[in-house]
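Keep in mind that the numbers below use all heavy atoms, side chains included, and drop hydrogens, waters and symmetry copies.
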2 protein chains.
Amino acid sequence: MAEQPLYRQIAEDLRQKIESGAVARGSQLPTELELREQHNASRNTIRDAVKWLITRSLVETRPGQGTFVVEKIDPYVTELSSGSGGGESAVYESEVAAQSRTPRTTVPRVEVQQAWGVIAAELGLAEGSMVVSRHQQRFIDDRLWSLQTSFYPMRFLEQGATRLIQAENMQPGAVKYIADTLGVEEVGYRDTITVRSPDMNETTLFGLPSDGRVAVVEIFRTGLDDHGKPIRLTATVFTADRNKFVIRSQAPTTVADSATPGLRAVGSDND
Amino acid sequence: MAEQPLYRQIAEDLRQKIESGAVARGSQLPTELELREQHNASRNTIRDAVKWLITRSLVETRPGQGTFVVEKIDPYVTELSSGSGGGESAVYESEVAAQSRTPRTTVPRVEVQQAWGVIAAELGLAEGSMVVSRHQQRFIDDRLWSLQTSFYPMRFLEQGATRLIQAENMQPGAVKYIADTLGVEEVGYRDTITVRSPDMNETTLFGLPSDGRVAVVEIFRTGLDDHGKPIRLTATVFTADRNKFVIRSQAPTTVADSATPGLRAVGSDND
DNA sequence: GGGTATTTGTCCGTATGTATT
DNA sequence: AAATACATACGGACAAATACC
């Protein structure tokens with residue numbers, strides 16, 4: 001058994017103290033100079049140990065303040081199998097309200113752009129086809145919770161669904177609007193879930209640590225009509241550290257006995 | 001606009017070269033000493049830049065060899081909405097075969113243990129209740145792909161489903177075995193998906209980088225009988241970097257099960 | 001607002017150990 | 001065995017962020 005490097009030994013010692021509760025969550029660790037004396041090592045070695053703890057999300061450093069044990073976060077639960085739901089944002093608002101938190105959604109940023117890669121592939125369009133994209137930021141308790149971008153083929157616009165390019169919230173949902181306007185109904189969908197590192201934009205928006213150790217979960221939902229033809233693609237990005245996802249194989253008709261609180265629809269209060 | 005630290009500038013320069021394709025995937029980066037001269041920085045600063053790339057899984061270092069651009073991996077796709085049951089391992093084998101790779105599963109390690117925390121909660125048992133656990137490692141092309149542990153309440157054993165504690169693969173699947181033996185049918189399930197850091201065991205088994213920057217995806221599937229009562233809990237762990245997951249809202253076109261029963265029109269009605 | 005002390009961040013240099021070829 | 005390249009560890013210096021007076 002090879003001996004562990006010194007910085008690992010120090011890191012393990014600190015980790016043990018954290019996980020055993022000897023050092024409380026949220027409390028401050030000794031400063032680098034104090035740890036230097038306690039462990040009889042150089043400051044750089046202490047810093048290597050702290051870095052090891054940082055990559056494991058056990059501690060965080062705040063310049064000018066110190067090193068702190070990270071708080072435990074109870075993940076927000078997102079239901080992916082919202083079978084009968086109408087419009088993701090409606091589901092979102094009622095679900096968020098059910099967990100007694102305050103939802104907020106920005107006014108969509110609407111663009112017409114070309115579809116490449118996954119977007120074109122999922123929508124069944126040729127590379128470079130024009131699509132309408134509607135981008136929103138969704139907040140919970142004034143903290144950014146998810147980034148959502150929906151893409152719609154340009155043909156819907158040409159066929160008369162002109163509200164798709166208006167930068168305003170579509171209350172019953174854009175999918176319902178397309179159904180009402182064009183008679184194209186979404187009867188199913190396909191979700192693809194991937195985990196990846198955040199890009200720079202996501203890092204700043206979510207306020208993630210700049211070293212990119214916190215992953216994001218990206219969920220592509222492709223809505224399908226009764227011929228299995230794609231109607232829309234909605235890409236939603238969540239931080240991986242404070243979200244989890246639940247899928248039910250059948251409609252939750254008997255939710256009553258579950259631990260899930262009843263869904264209280266929130267009145268569309270403000271903007 | 002604040003100026004970036006030197007190590008970040010160097011890292012960004014290397015990142016740009018990698019992502020633009022100027023440096024091929026899998027190829028070797030210049031050595032630290034060469035980079036030191038190219039960027040006119042100290043070796044430690046070069047190492048800080050390389051570390052930044054490492055945490056983003058862009059490069060990897062091999063002692064004695066050099067620094068290499070990581071290969072792009074095409075993720076293995078797992079279908080979570082395998083609707084009509086049939087045992088997860090059966091689905092697994094056919095799916096893996098369909099992607100023309102070679103599946104392999106270890107003989108299960110069977111234990112009788114106490115259920116705590118999520119296991120007890122998901123199975124609807126009191127803390128400390130006895131459960132049967134069956135643990136398997138699943139390989140694709142001789143590389144560990146997922147770790148799977150299923151938990152069954154002890155009452156099934158007492159009621160006669162004795163094969164549950166036998167350390168052998170149950171070919172049609174344990175769920176089907178319970179249905180055949182006890183008449184308890186699984187009519188639905190609930191999946192919970194979380195992303196977390198790997199523990200030490202998972203790090204070694206999957207051969208993940210020891211600094212724990214690659215997350216794992218853990219999926220809990222709770223099987224439910226027709227009363228919504230939990231039958232079993234299956235926890236499966238995947239590496240987050242080489243897997244993605246697909247969920248379909250309805251059976252794929254292959255299943256002609258019931259042509260068009262109550263297809264819930266999305267957006268038809270809701271709260 | 002300013003100044004100062006504290007604390008982490010960046011950067012340098014050097015030396016030695018360990019893994020691979 | 002020797003050469004190469006990364007890993008660990010030490011030391012020092014200054015910058016930047018924060019808190020407090």
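Rounded to whole angstrom, the span from the CG atom of Asn44(B) across to the P atom of dA5(D) amounts to 17 Å. In this structure, Gln28(B) places its CD atom 12 Å from C1' of dT21(C), rounding to the nearest Å. Between the P atom of dT8(C) and the NZ atom of Lys51(A) lies a distance of 13 Å, rounded to the nearest Å. Distance, Glu32(B) CD to dC12(C) C1': 15 Å, rounded to whole Å. Rounded to whole angstrom, the span from the CG atom of Asp48(A) across to the C1' atom of dC11(C) amounts to 14 Å. In this structure, the CG atom of Leu6(A) is 14 Å from the C1' atom of dG17(C), given to the nearest Å. Arg47(A) places its CZ atom 12 Å from the C1' atom of dA15(D), with the value rounded to the nearest Å. Distance, Glu34(A) CD to dT8(C) P: 8 Å, rounded to whole Å.
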Decide side chain to side chain donor-acceptor pair (under 3.5 Å) for Ser146(B) and Arg138(B); before the verdict, give the C-alpha distance in whole Å, the side-chain angles of both, and the deciding distance to 0.1 Å. CA-CA 5 Å; Ser146(B) 66; Arg138(B) 305 195 290 178; 3.1 Å; yes
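Each of Arg8(A), Gln38(A), His39(A) was compared with Asp13(A) under the side-chain hydrogen bond (donor to acceptor under 3.5 Å, both in side chains) criterion, and only His39(A) meets it.
Checking the phosphate oxygens (OP1, OP2) of dA7(D), a side-chain nitrogen or oxygen of Thr61(B) falls inside 4.0 Å. At the phosphate of dT10(C), neither OP1 nor OP2 sits under 4.0 Å from any side-chain N or O atom of Thr45(B). For dA19(C), the OP1/OP2 oxygens have no side-chain nitrogen or oxygen of Gln65(B) closer than 4.0 Å.
Between Tyr7(A) and Pro63(B), the one whose closest nucleotide on DNA chain D sits nearer the 5' end is Pro63(B). Mapped onto DNA chain D by nearest heavy atom, Leu33(B) and Ser42(A) fall at different nucleotides, with Leu33(B) at the one closer to the 5' end.
Put simply, the side chain of Arg221(A) gets close to the backbone of Leu80(A): a donor and an acceptor are under 3.5 Å apart.
In this structure, Arg62(A) reaches the sugar-phosphate backbone alone: every heavy-atom distance under 4.0 Å involves primed, P, OP1 or OP2 atoms, never a base.
For the residue pair Leu144(A) and Leu147(A), the shortest heavy atom distance occurs at CD2-CD2, 3.9 Å.
A salt bridge links Glu202(A) to Arg196(A): at least one charged side-chain nitrogen sits closer than 4.0 Å to a carboxylate oxygen.
Nucleotide dT20(C) forms a pair with dA3(D), judged by Watson-Crick or G-U wobble geometry with both contacts under 3.5 Å.
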